[in-house]
2 protein chains.
Amino acid sequence: MSDLTNPAETTRPAYVLDEQVGFILRLVGQRHSAIFQRLAPEGLTTTQFAAFVRLAELGECSQNELGRRTAMDVATIKGVVDRLRRKGMVTLRDDPHDKRRALLSVAPDYAHLTDDLYSVGLRISAETLEPLNRDEQRTLLRLLKKLR
Amino acid sequence: MSDLTNPAETTRPAYVLDEQVGFILRLVGQRHSAIFQRLAPEGLTTTQFAAFVRLAELGECSQNELGRRTAMDVATIKGVVDRLRRKGMVTLRDDPHDKRRALLSVAPDYAHLTDDLYSVGLRISAETLEPLNRDEQRTLLRLLKKLR
DNA sequence: CAGATAACGTTTGCATGCAAACGACATGGA
DNA sequence: TCCATGTCGTTTGCATGCAAACGTTATCTG
């Protein structure tokens, strides 16, 4: 029994760090990230992977636009794009209609890579979710999406 | 219909970035982090909060030990502890029995803060999970814990 | 006791991730 | 046309987060 002189004490849930969503999310993120790093080709990180795949979907696109479509801040997407360019996976040309912009696209040499990335991406997700059965996997994704 | 000349094409799930666990986890983490930053006192970050609360639970403890108990790398926990010390929230003394170690503890001036942190922590978790009903919240936490 | 092994803490290097401020350019309406 | 407003890309500053290497100190084993 806890302190009965304070009625609130008996109903308020105790704070246990290991039970908080934020803490658990960080742990799950760490595990996913380790799986990702082991399976992803070209030394791609999670964000680089997301940006590259999204760019392949969209075709030509500006840097900030790509950032918005992948939920990355302007400062973050800049770093990610810089590294993809350094790897030669993404190329850039000036937008003929807007002097502020540059248009990004997947480098021709790497266009074929997208199919590989799709299959690797599915494998990474499968391995991350492996401790759950099919129903649990569907449920988890459904609930997580509500928290976006 | 997709390409029937390739039977695998019809059964393999299509890769959709927005449906992958890793991508969704990042988005949920972003939302949680924004809530956290809005509600947490003393400018505490998620990791600083976790380290401080854990240290309060454990009493005196070495830096690497605290890192292990909060799932932080030696390099990461070092930075976190440095910042907590700079805020004056954590103090340090030499371990009398082991010259390699230092013993961390919550600074006396901040010992009273832990109760505040518990209630704020609960509020942060509640707000993060707010889009879900009670059953869904329990289910989500149960499934997430399996993925740690 | 001596040598291997392991733990402690530190540092460097790299990659996110966000806030805030900046100059350059586009575009709308007065 | 001119001006406000917004967008584009950039930079700085701070805080994780991990890998790898390092010197120091404990501890275990032969």
Side-chain angles (χ1 to χ4, degrees), chain A residues 22-23 25-38 40 42-52 60-87 90 92-104, chain B residues 22-23 25-38 40 42-52 60-87 90 92-104:
Chain A
F23 191 75
L25 280 172
R26 189 164 65 83
L27 301 187
V28 177
Q30 284 175 354
R31 176 161 164 276
H32 173 263
S33 172
I35 293 171
F36 196 97
Q37 200 172 334
R38 184 160 45 77
E42 309 286 334
L44 286 172
T45 63
T46 53
T47 47
Q48 288 170 17
F49 187 102
F52 184 86
E60 268 191 340
C61 164
S62 82
Q63 181 175 292
N64 285 359
E65 171 82 8
L66 184 59
R68 283 192 297 274
R69 305 282 201 131
T70 47
M72 295 179 213
D73 184 85
V74 291
T76 301
I77 190 66
K78 177 179 180 10
V80 173
V81 167
D82 283 351
R83 283 167 218 117
L84 286 174
R85 286 177 57 197
R86 202 183 308 146
K87 291 180 196 237
V90 161
L92 179 150
R93 69 180 184 102
D94 288 345
D95 185 325
H97 303 304
D98 189 334
K99 288 187 193 169
R100 295 169 306 177
R101 290 212 211 196
L103 296 174
L104 302 174
Chain B
F23 191 75
L25 280 172
R26 189 164 63 84
L27 301 186
V28 176
Q30 284 175 354
R31 175 161 164 277
H32 173 263
S33 171
I35 293 171
F36 196 98
Q37 200 172 334
R38 182 159 46 76
E42 310 285 335
L44 286 173
T45 63
T46 53
T47 47
Q48 287 170 18
F49 187 103
F52 185 86
E60 269 191 339
C61 163
S62 82
Q63 180 175 291
N64 283 359
E65 171 82 9
L66 184 58
R68 284 191 297 274
R69 304 281 202 137
T70 47
M72 295 179 215
D73 183 86
V74 291
T76 301
I77 191 67
K78 176 178 180 10
V80 172
V81 166
D82 284 350
R83 283 168 217 115
L84 287 173
R85 286 176 56 195
R86 202 184 308 146
K87 290 181 196 233
V90 161
L92 179 150
R93 69 179 183 103
D94 288 345
D95 185 326
H97 303 306
D98 189 333
K99 287 187 193 169
R100 295 169 306 177
R101 292 208 208 198
L103 296 175
L104 303 173

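Put simply, CD on A/Q48 and NZ on A/K87 are 4.5 Å apart, with the number rounded to the nearest 0.5 Å.
The phosphate of C/dG9 (OP1 or OP2) has a side-chain N or O of B/N64 nearer than 4.0 angstrom.
Scored by the salt bridge (Lys or Arg N to Asp or Glu O under 4.0 Å) test, A/R86 finds no partners at all (sequence neighbours excluded). Applying the salt bridge (Lys or Arg N to Asp or Glu O under 4.0 Å) rule to A/E60 yields the partners A/R93; only residues at least two apart in sequence or on another chain are considered.
Rounded to a whole Å, the CZ atom of B/R101 is 13 Å from the P atom of C/dT10.
Mapping B/S62 and B/Q30 onto DNA chain C by nearest heavy atom places B/S62 at the nucleotide closer to the 5' end. Between B/D98 and B/M72, the one whose closest nucleotide on DNA chain D sits nearer the 5' end is B/M72. Remark on DNA chain C: of its neighbouring residues A/T76 and A/K99, the 5'-side contact belongs to A/T76, judged by nearest-heavy-atom nucleotide. Both A/R26 and A/Q63 lie close to DNA chain D; mapped to their nearest nucleotides by heavy-atom distance, the more 5′-ward contact belongs to A/Q63.
Nucleotides of DNA chain D that come within less than 4.0 Å of any heavy atom of chain B span, from the 5' end to the 3' end, D/dA15 to D/dA26.
At a threshold of 4.0 angstrom between heavy atoms, the contacts of B/A102 are confined to the sugar-phosphate backbone, with no base atom among them. Using a 4.0 Å heavy-atom cutoff across all strands shown, A/Q48 reaches sugar-phosphate atoms only and no base atom. Residue contacts shown for A/D73 include a base, since a base heavy atom lies under 4.0 Å away.
Environment of CZ in A/R31: crowded, with over 12 heavy atoms of neighbouring residues, nucleotides or ligands closer than 6.0 Å.
On a pure distance criterion of 3.5 Å, no polar donor-acceptor pair joins the side chain of A/R100 and the base of C/dA24.
A donor-acceptor distance shorter than 3.5 angstrom exists from the side chain of B/R83 to the backbone of B/G79, with no hydrogens or angles considered. A donor-acceptor distance shorter than 3.5 angstrom exists from the side chain of A/R26 to the backbone of B/A71, with no hydrogens or angles considered.
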